[in-house]
Number of protein chains: 2
Amino acid sequence: MSDDQSAKRPVPTMRDIAAAADVSQSTVSRVLSGVPTAVPIAPETRQRVLRTARELGYRPNPLARGLRGASTNLIGAVVRDFSDPFYAGAIEALVVESMAHGYNVVLGHAPGRSGEVASSLTTVLETRHTDAVVLLGDMQEHPQLLADLRDSIVPVVALWPGTSPREFPSVDADDRAGIRAGLEHLVSLGHTRIAFVNAELPNEYRAREDAYLEFMRERFGAVPPGYAERSPSALAGGDAALRRLMDRADPPTAVAASTDVVAVGVLHAAYSLGVRVPDRLSVVGFDDILIAAHTVPALTTVRMPISEIVGYAVTQAVRLAREPAGGERPPDLEIFAPDLIVRDSTAPPAQE
Amino acid sequence: MSDDQSAKRPVPTMRDIAAAADVSQSTVSRVLSGVPTAVPIAPETRQRVLRTARELGYRPNPLARGLRGASTNLIGAVVRDFSDPFYAGAIEALVVESMAHGYNVVLGHAPGRSGEVASSLTTVLETRHTDAVVLLGDMQEHPQLLADLRDSIVPVVALWPGTSPREFPSVDADDRAGIRAGLEHLVSLGHTRIAFVNAELPNEYRAREDAYLEFMRERFGAVPPGYAERSPSALAGGDAALRRLMDRADPPTAVAASTDVVAVGVLHAAYSLGVRVPDRLSVVGFDDILIAAHTVPALTTVRMPISEIVGYAVTQAVRLAREPAGGERPPDLEIFAPDLIVRDSTAPPAQE
DNA sequence: ACGATGCAGGCATACGATTTCGCCCACGTG
DNA sequence: CACGTGGGCGAAATCGTATGCCTGCATCGT
């Protein structure tokens with residue numbers, strides 16, 4: 001062998017394999033791509049090429065491959081907030097699910113409100129660079145991104161689209177049913193003074209808040225004024241919101257949070273206010289994030305079927321990516337049902 | 001305008017722009033790439049090209065760009081466990097930091113122990129597809145991946161390498177100093193019976209456990225037998241480990257956890273065992289994850305300087321990516337110092 | 001007046017893999 | 001022996017962008 005400096009060889013190309021195996025580069029391509037070709041290859045030649053490729057440590061260049069119109073096997077993911085444990089779990093599911101389909105995931109970040117960043121993002125994500133794009137969370141704040149995606153040819157699947165205009169095939173959970181299940185549970189325990197704490201950007205969990213308002217009106221005729229709290233940030237916000245609620249003349253006996261993260265903030269606030277959970281205050285979360293079973297006390301919450309949702313979304317995305325952009329079915333919406341998980345943060349209200 | 005079917009136009013190329021603006025494709029490239037070129041372009045021509053590109057909705061094809069040996073502006077990230085809130089935060093920092101440098105992030109997952117998946121991963125990640133690779137966490141379980149990366153030409157930066165062989169430039173926190181700060185804090189409060197709960201895969205947080213063992217031997221002559229607990233999973237494991245510890249004849253008065261997530265499990269276990277924190281048990285975490293300030297009670301922990309670490313790593317990765325692989329400095333190791341953050345989960349031990 | 005210089009831009013090629021067309025040879029057949 | 005046939009493979013175009021090199025023209029210097 002003449003590999004005097006094996007460390008420096010900067011990745012062999014098909015041409016190198018061809019030269020070493022003494023065939024043409026076309027033949028190398030045919031052998032290595034593996035697909036049944038119209039051109040027959042002699043078994044002996046095939047073996048020689050494969051062996052040479054292995055010896056030289058050949059790796060295909062996905063760029064060159066993609067250039068010819070083939071797929072890059074990349075799925076772009078645009079996420080609102082990484083540090084949110086809920087999305088963290090969703091991303092994990094997305095990556096696992098994508099890899100099961102033979103795809104990798106490119107992450108884009110769409111933070112706060114910044115058209116600039118988000119639009120420069122699409123420049124990288126789309127244009128055949130990714131075979132499909134998956135949107136995680138409400139993208140209403142990023143009209144530029146949505147517009148770019150709409151114009152582009154890459155298929156898009158939206159997860160938990162919230163209030164985003166429904167212009168792509170979407171997958172969502174039935175937030176309304178989830179909230180109602182949680183509230184029903186509280187009511188069945190005897191609660192009537194039930195508050196709601198929402199967090200995150202405006203509109204983010206609007207459907208959950210609306211479901212709360214609807215339920216309360218339905219069941220009690222009206223929403224106690226001031227019982228629907230909103231705060232900008234999840235953790236500190238949940239904290240501050242609970243303090244406001246408990247300062248009232250008629251403090252709630254139960255709180256439904258728009259999110260488990262908010263619920264964690266609420267639990268913490270209750271603790272530091274000396275309000276025992278669930279004795280004096282019941283708390284219901286939403287999402288069933290990983291630590292929900294290990295909060296103090298363990299959180300009663302509504303389980304979001306993340307893996308089902310993500311699995312469905314990836315399957316859709318892959319299917320759309322494979323089709324030559326022919327389908328063009330009208331954007332559909334798939335809804336998954338959440339389940340109530342009763343743990344230790346809910347109990348009948350204290351006797352007065 | 002003659003755009004009769006604007007929806008179907010499958011992304012214009014430079015050639016299209018060139019034809020429409022009546023210049024050559026080279027000129028379009030020179031104008032749009034923006035870089036100072038040896039070839040001068042008349043302002044009028046430049047404007048015409050720019051206008052045409054805008055009208056046609058031109059987007060560069062990063063594949064073709066990368067094919068020419070240019071960079072893809074992609075950083076590959078390989079992560080051990082997404083759902084771990086700590087890594088979730090790290091990934092967010094990584095994405096933000098990368099985008100600040102003009103890079104996007106491709107995610108790879110390196111779950112449990114599975115050479116297959118991890119190696120198929122590199123096929124996509126390396127080979128000039130990504131300009132650099134960032135490893136998050138201990139990759140000891142993935143020798144195949146490490147070998148592939150070693151052979152390839154992409155620069156690699158390892159974050160929190162743990163016990164991985166130090167073959168790439170690495171960035172880490174001073175786990176030993178962090179653990180010692182936490183233990184020192186406990187000792188200064190009067191604790192002597194201090195246990196340690198480790199979690200995750202074997203070796204994952206070995207340095208932290210070793211620091212604990214060292215400190216205990218140094219300070220008290222020996223580690224109380226059975227005080228160094230280990231469990232396979234972070235949350236449920238922390239829970240089970242604490243139960244074992246509190247069942248002993250000489251239960252500890254304080255617990256240091258290898259991780260905030262473990263500490264959350266410990267807090268939960270203490271709660272369900274009726275052990276008040278911090279009255280009867282002090283708990284110290286490590287990492288300062290987002291919810292650490294909002295556990296019940298708020299967790300005393302050691303802050304991991306994630307953004308500093310990730311920022312440094314990305315800067316290194318970008319620098320290495322820009323260099324034509326010339327540098328080849330010996331793998332260095334950069335260490336960041338963690339700080340103790342005292343909250344409400346620690347107090348002097350109960351009087352006996 | 002004539003070559004030198006500078007400006008503006010086109011031509012051609014390279015990047016690495018896929019794919020379409022053919023070429024050549026061996027073999028079989030009439 | 002001429003001719004078809006099909007197996008086995010190579011040559012070359014192609015994808016979209018970047019760049020080195022060249023050319024045409026006008027101006028400038030002497």
Side-chain angles (χ1 to χ4, degrees), chain A residues 9-49 52-53 56-73 123-124 126-129 152-153, chain B residues 9-50 52-53 56-73 123-124 126-129 131 153 324:
Chain A
R9 208 171 18 188
V11 176
T13 77
M14 277 198 177
R15 217 192 314 286
D16 301 331
I17 311 294
D22 197 37
V23 293
S24 81
Q25 181 260 335
S26 342
T27 301
V28 177
S29 171
R30 285 190 268 253
V31 170
L32 294 184
S33 69
V35 297
T37 160
V39 173
I41 304 285
E44 198 277 327
T45 309
R46 179 181 301 277
Q47 290 312 315
R48 183 155 36 93
V49 169
T52 314
L56 266 56
Y58 172 79
R59 312 261 168 189
N61 183 330
L63 298 176
R65 200 169 244 165
L67 190 52
R68 273 296 301 217
S71 72
T72 55
N73 278 30
T123 309
V124 184
E126 43 109 44
T127 321
R128 282 194 210 121
H129 196 171
S152 93
I153 52 166
Chain B
R9 208 172 18 188
V11 175
T13 75
M14 277 198 178
R15 219 192 309 288
D16 301 331
I17 311 294
D22 198 36
V23 293
S24 79
Q25 176 262 326
S26 343
T27 303
V28 176
S29 171
R30 285 190 264 255
V31 169
L32 293 183
S33 69
V35 298
T37 160
V39 173
I41 305 286
E44 199 276 328
T45 308
R46 179 181 302 276
Q47 289 312 316
R48 183 155 37 91
V49 170
L50 287 174
T52 313
L56 268 55
Y58 172 79
R59 310 266 168 189
N61 183 331
L63 298 177
R65 203 169 243 167
L67 189 53
R68 274 294 308 221
S71 72
T72 55
N73 278 30
T123 308
V124 183
E126 43 110 42
T127 321
R128 283 196 209 119
H129 196 169
D131 293 346
I153 53 165

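The sequence lines fix the lettering, A, B, ..., with proteins before strands; numbering per chain opens at 1.
- With D/dC9, C/dC15, C/dA8 as the candidates, the nucleotide lying closest to the side chain of A/R15 is C/dC15.
- The two residues A/D22 and A/R48 have their closest heavy-atom pair at O-NH1, 3.9 Å.
- Rounded to a whole Å, the CG atom of B/L32 is 15 Å from the C1' atom of D/dT19.
- In the set D/dG8, C/dG10, C/dA8, C/dG10 carries the atom at the smallest distance from any side-chain atom of B/V23.
- Taking every heavy atom of both residues into account, A/L56 and A/A20 meet most closely at CD2-CB, 4.3 Å.
- A straight line from CD1 of B/I41 to C1' of C/dG10 spans 10 Å, rounded to a whole angstrom.
- Separating the OG1 atom in B/T45 from the CG atom in B/L50 is a distance of 10.5 Å, to the nearest 0.5 Å.
- Atoms CE (B/M14) and P (D/dT19) sit 10 Å apart, rounded to a whole Å.
- Ranking D/dG16, D/dG10, D/dA12 by closeness to the A/Q25 side chain, first place goes to D/dA12.
- Contact of A/S26 with D/dA11 (side chain to base): a donor-acceptor pair of N or O atoms is detected under 3.5 Å.
- Here A/I41 contributes atom CD1 and A/R30 contributes atom CZ; the two are 5.5 Å apart, rounded to the nearest 0.5 Å.
- Among the atoms of the strands shown, only primed sugar atoms or phosphate atoms (P, OP1, OP2) are found under 4.0 Å from some heavy atom of B/T45.
- The shortest heavy-atom contact between A/T13 and A/Y58 is C-CE1, 3.9 Å.
- Across the protein-nucleic acid pair, B/E44 atom CD and C/dA8 atom P stand 11 Å apart, rounded to whole Å.
- End-to-end axis angle of the helix from C/dA1-D/dT30 to C/dG30-D/dC1, using five pairs per end and rounding to 10°, comes to 70°.
- The distance between atom CG of A/D16 and atom P of C/dG16, rounded to the nearest whole Å, is 8 Å.
- Spacing between atom CZ of A/R48 and atom P of D/dG8 amounts to 13 Å, rounded to whole angstrom units.
- Nucleic acid contact for B/T13: sugar-phosphate only, since backbone atoms but no base atoms lie under 4.0 Å from a heavy atom of the residue.
- Considering only the side chain of A/A64, C/dA17 comes nearest among C/dA17, C/dG10, D/dG8.
- Under 4.0 angstrom from either OP1 or OP2 of D/dG10 there lies at least one side-chain N or O belonging to A/T27.
- B/V28 comes within 4.0 angstrom of no nucleic acid atom, judged by non-hydrogen atoms across all strands.
- Remark: A/L32 CG to A/T52 OG1 distance equals 9.5 Å, nearest 0.5 Å.
- Under 3.5 Å, the side chain of B/R30 and the base of C/dG10 form at least one donor-acceptor pair of N or O atoms.
- With hydrogens and angles disregarded, no donor-acceptor distance shorter than 3.5 Å links the side chain of B/S29 to the backbone of B/Q25.
- Side-chain N/O atoms of B/S24 include one lying less than 4.0 angstrom from OP1 or OP2 on C/dG10.
- Between A/I17 and A/V49, the shortest heavy-atom distance links the atoms CG2-O, 4.1 Å.
- Within the structure, a side-chain polar atom (N or O) of A/S29 is placed less than 4.0 Å from OP1 or OP2 of C/dT18.
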